[in-house]
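Computed from a prediction, not measured in an experiment: that's the story for all the values here. Order of listing sets the numbers, starting from 1, for every ligand and every atom in it.
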Amino acid sequence: MSVEVERKFVCDADIQKRLEEVGAVCIGQCEFQDRYYDSADFHLTLRNVWLRCRQGSWELKYPTVTELEDRGGASLCSRYVEVTNLPQIQLKVREMMSESDNEPEVKEGGCASNTHPVHGDRACTGANESSPADHAWLAELKLVCFANYTTVRRSFGFKEEGVRVDLDQADFGYCVGEIEVIVPEGEDTQPALKTIRNTAQKLGLSGDQRVQGKMDVYLQTYCPEHYTKLLNAHIL
Ligand code: V4E
């Protein structure tokens, strides 16, 4: 498991030029589709737990203990544990969903329903494109796809190891950048935060406001009810 330390930033027209000026090198461009899953009552995301399938690879993200402790602080950076091992993901999600079995049933569905395509061609058409057996666990845990979007990503690396900048263009029209350092779980994240601050400074990123991620904008646009719940719970 690893910890993703990142700062998002608003992409302006000059960002690529500035990246090149400070010695960043384009290390590639790729396109991927993300499908995010949750229960109809948003049990995972209301606990800041994000389950997604990106091009067939599963990932679970949740805030580190330090991130939770610092919540409400002025930090522009976020720290999330990333789990990519499917059995570990399933264990954690099963544990979480068993808590939900003891809670009163919630009837509302919001957008987290693949039977009610509330946002036209964005609606998830089903849990997967591969074998149903691969996704039986989703059905068993009553998890459905609530967000589905494609990103074109250009990535930049620096000579100093470890820091990467991604420029993301989502297919629903939102563009966002992120400066990212991956730290092995359990290691101090302070050096990563410092590297990110330095990189932001070199790029002339002066804003002190939290920048919306793709998910914020996606939910705001296509699933306003889900978005409002996450805002009220101070998750987004
Ligand atoms: C963790 C999280 C979400 C899941 C998506 O995470 P994100 O890092 O935004 O994904 P992506 O595709 O941009 O990058 P990659 O995973 O390839 O590195 S959606 C919302 N969150 C929580 C969250 C938050 N509240 N604030 C910030 C600044 N980041 C994440």
Side-chain angles (χ1 to χ4, degrees), residues 1-11 27-38 42 44-64 66-84 89 92-93 96 111-112 145-157 162-183 189 192-193 196-197 200 205 207-223 226-236:
M1 285 194 283
S2 51
V3 172
E4 177 192 58
V5 187
E6 72 164 38
R7 172 177 166 166
K8 295 191 194 298
F9 61 90
V10 177
C11 277
I27 51 176
Q29 175 165 320
C30 59
E31 182 173 327
F32 50 83
Q33 185 190 36
D34 288 327
R35 287 166 176 266
Y36 284 86
Y37 293 83
D38 202 347
F42 315 126
L44 298 179
T45 53
L46 280 172
R47 284 153 186 81
N48 209 350
V49 174
W50 302 86
L51 172 66
R52 79 168 174 221
C53 186
R54 174 174 292 177
Q55 304 295 114
S57 297
W58 288 90
E59 194 160 342
L60 191 71
K61 290 196 193 205
Y62 53 88
T64 61
T66 355
E67 175 74 14
L68 290 170
E69 285 166 357
D70 291 355
R71 198 92 194 166
S75 177
L76 293 172
C77 294
S78 62
R79 282 158 290 183
Y80 279 76
V81 177
E82 295 185 327
V83 189
T84 52
I89 292 174
K92 169 100 181 160
V93 174
M96 291 195 67
C111 270
C145 176
F146 67 92
N148 167 22
Y149 51 81
T150 297
T151 301
V152 174
R153 169 171 288 177
R154 256 172 309 143
S155 298
F156 293 82
V163 66
R164 197 174 94 173
V165 174
D166 291 331
L167 305 181
D168 282 359
Q169 172 72 62
D171 64 351
F172 51 91
Y174 185 60
C175 197
V176 66
E178 56 189 43
I179 307 171
E180 176 181 298
V181 175
I182 302 293
V183 177
T189 53
L193 292 170
I196 290 174
R197 268 199 303 274
L205 304 174
D208 57 1
Q209 296 289 310
R210 181 186 172 274
V211 169
Q212 288 193 306
K214 290 174 293 198
M215 183 60 79
D216 301 62
V217 176
Y218 181 93
L219 292 178
Q220 203 171 3
T221 311
Y222 299 105
C223 307
H226 191 173
Y227 179 70
T228 303
K229 284 189 181 218
L230 293 172
L231 272 191
N232 291 342
H234 307 289
I235 303 294
L236 293 180

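Not one N or O of N48 is nearer than 3.5 Å to an N or O of ligand 1, by distance alone. Of the polar atoms of K214, at least one N or O is found under 3.5 Å from an N or O of ligand 1, judged by distance alone. Residue contacts with ligand 1: R52 is placed with a nitrogen or oxygen under 3.5 Å of a nitrogen or oxygen of the ligand (distance criterion only). Checked against a 3.5 angstrom limit, the closest N/O atoms of F32 and ligand 1 fall outside it.
The atoms of ligand 1 that sit less than 4.0 Å from any heavy atom of E4 are 8 (O), 15 (P), 16 (O), 18 (O). Those atoms of ligand 1 with a heavy atom of E180 less than 4.0 angstrom away are 18 (O). Near M215, meaning under 4.0 Å from one of its heavy atoms, ligand 1 places the atoms 19 (S).
Only the backbone of I235 comes within 4.0 Å of ligand 1, judged by heavy-atom distances. If you look at K8 next to ligand 1, the close heavy atoms, those under 4.0 Å, all belong to the side chain. When non-hydrogen atoms are compared, ligand 1 lies under 4.0 Å from neither the backbone nor the side chain of E82. Counting heavy atoms closer than 4.0 Å to ligand 1, residue E6 contributes side-chain atoms (C-beta onward) but none from N, CA, C or O.
In the model, N148 has no side-chain atom that pairs as donor or acceptor with a side-chain atom of Y218 under 3.5 Å.
Which of E59, R153, R7 comes nearest to atom 15 (P) of ligand 1 through a heavy atom is settled by distance: it is R153.
Remark: E4 does not engage R164 in a salt bridge, criterion side-chain N to carboxylate O under 4.0 Å.
Remark: distances from the non-hydrogen atoms of Y36 to ligand 1 include one below 4.0 Å.
Every residue two or more places apart in sequence or in another chain that forms a salt bridge (Lys or Arg N to Asp or Glu O under 4.0 Å) with K214 is listed here: D168. Here R7 pairs with nothing under the salt bridge (Lys or Arg N to Asp or Glu O under 4.0 Å) rule; sequence neighbours left out.
Between the side chain of Q55 and the backbone N or O of Q33 there is at least one donor-acceptor pair closer than 3.5 Å. A donor-acceptor pair under 3.5 Å is formed between the side chain of Y174 and the backbone N or O of Q212.
Between W50 and Y36, the two ring planes are perpendicular [angle over 60°; tilted spans 30° to 60°]. Between Y222 and F172, the two ring planes are perpendicular [angle over 60°; tilted spans 30° to 60°].
The structure places CG of D216 at 9.0 Å from CG of L230, a figure rounded to the nearest 0.5 Å.
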